[in-house]
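First comes the structure, then the notes that go with it.
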Number of protein chains: 2
Amino acid sequence: MFDIDIAELARRTGVKASALRYYEEKGLIVSTGRHGLKRLFAPSTVERLSLIALGRASGFSLDEIAGMLSGGAAIDRGQLRAKAAELDRRIDDLARLRDGLLHAVACTAPGLMDCPRFRGIARLAGRQAAAQPARRRFRAEPA
Amino acid sequence: MFDIDIAELARRTGVKASALRYYEEKGLIVSTGRHGLKRLFAPSTVERLSLIALGRASGFSLDEIAGMLSGGAAIDRGQLRAKAAELDRRIDDLARLRDGLLHAVACTAPGLMDCPRFRGIARLAGRQAAAQPARRRFRAEPA
DNA sequence: CTGCAAGTTCAAGCCGACTTGAGGTCAAGC
DNA sequence: GCTTGACCTCAAGTCGGCTTGAACTTGCAG
């Protein structure tokens, strides 16, 4: 297949052109050359970008992903296993939080803090929050 | 009980004094007064902080938490229910990712991208990442 | 040949949640 | 009464992952 330009790559992956340039600068993707000024990318870059997206969604930083992706297409399986275990822990935590929230909804105690179950959950969250910072929120789409 | 100073509150909650001042500035907690310059907090602030921690751990921003906490101790249960549903979705996503990572570890295809199952997962992650920015990572403890 | 949309570079800005540093104030212990 | 050290304020810095803006260059359609 023929190489594609940055706009097409953006269209196919849903990643903004500015982000793609940033990724190239970071070494996560490579352009095969230029047509005039314009970057050209191999169509396989689309797959590379879904791999990158997978990494991001799993909680890797761009630097980590860059490390994993350098060295051909070979990805460190041990690292993946570790990340899977980390995801498992996160899932457990979130499940406990969800249960806590749902209990809070259902609980008939006058104030939430009067419910011993909820207090327990809140204390739990306290310990976790002390150890781990919060997630980023959604960003509003620019107008 | 007697009011406690910021250092004691920090000790009891695991939240740094600087963060506590920040929370007060944002209206998340209130100090009952001063002893000289030093802030004094009611001991119940400890519980308020675990509530705040719970909110943070569930993915609320400080502003959202402030909104929920203002208006007495009453917390909007509908909002909680919505957040629980959101957590549920997140949990599902993470579970799928974890399965994908584990499959990647086990998969015997020569390159990961040669495995159709993994490609499917990667494409999925691609769509999700396009819609939602990544989470923040752990921060190293300052030396 | 010209106009222009779509690319380019580079530096600077933004987000949230804090942390850090400089310089100041105060209550308590000696 | 003086030192000390815990607290104070305020401005600025940090982090990652982009986005934005200004000023510029191209290839291609007309």
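Any value given below was found using the heavy atoms of this structure, including those in side chains, with hydrogens, waters and symmetry copies removed. Throughout, protein chains are lettered first and strands after them, A, B, ... in sequence-line order, and every chain is numbered starting at 1.
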Does V46(B) share a hydrophobic cluster with L40(B), counting links as ILVMFWY side-chain heavy atoms below 4.5 Å and allowing steps through other members?
no

Measure from CD1 on I4(A) to P on dG7(C) and round the result to the nearest Å.
12 Å

R21(A) CZ to dT8(C) P: how many Å, rounded?
5 Å

So, does R11(B) get its side chain near the phosphate of dA6(D), meaning an N or O under 4.0 Å from OP1 or OP2?
no

How close or far is atom C1' of dA6(C) from atom CD of E8(A), stated in whole angstroms?
14 Å

For dT20(D), does either OP1 or OP2 sit under 4.0 Å from a side-chain N or O belonging to K16(A)?
yes

Phosphate-side-chain proximity, R39(A) and dG7(C), N/O vs OP1/OP2 below 4.0 Å
no

I need the CZ-P distance between R56(A) and dG16(D), as an integer number of Å.
12 Å

From the options dT8(C), dC7(D), dG17(D), select the nucleotide whose nearest atom is closest to the side chain of A7(B).
dC7(D)

Under 4.0 angstrom between Y23(B) side-chain N/O and dC18(C) OP1 or OP2:
yes

Answer yes or no: does a side-chain N or O of H35(A) lie under 4.0 Å from OP1 or OP2 of dC28(D)?
yes

Result for 5'-nearest mapping on DNA chain D, choosing between I6(B) and A17(A), is I6(B)

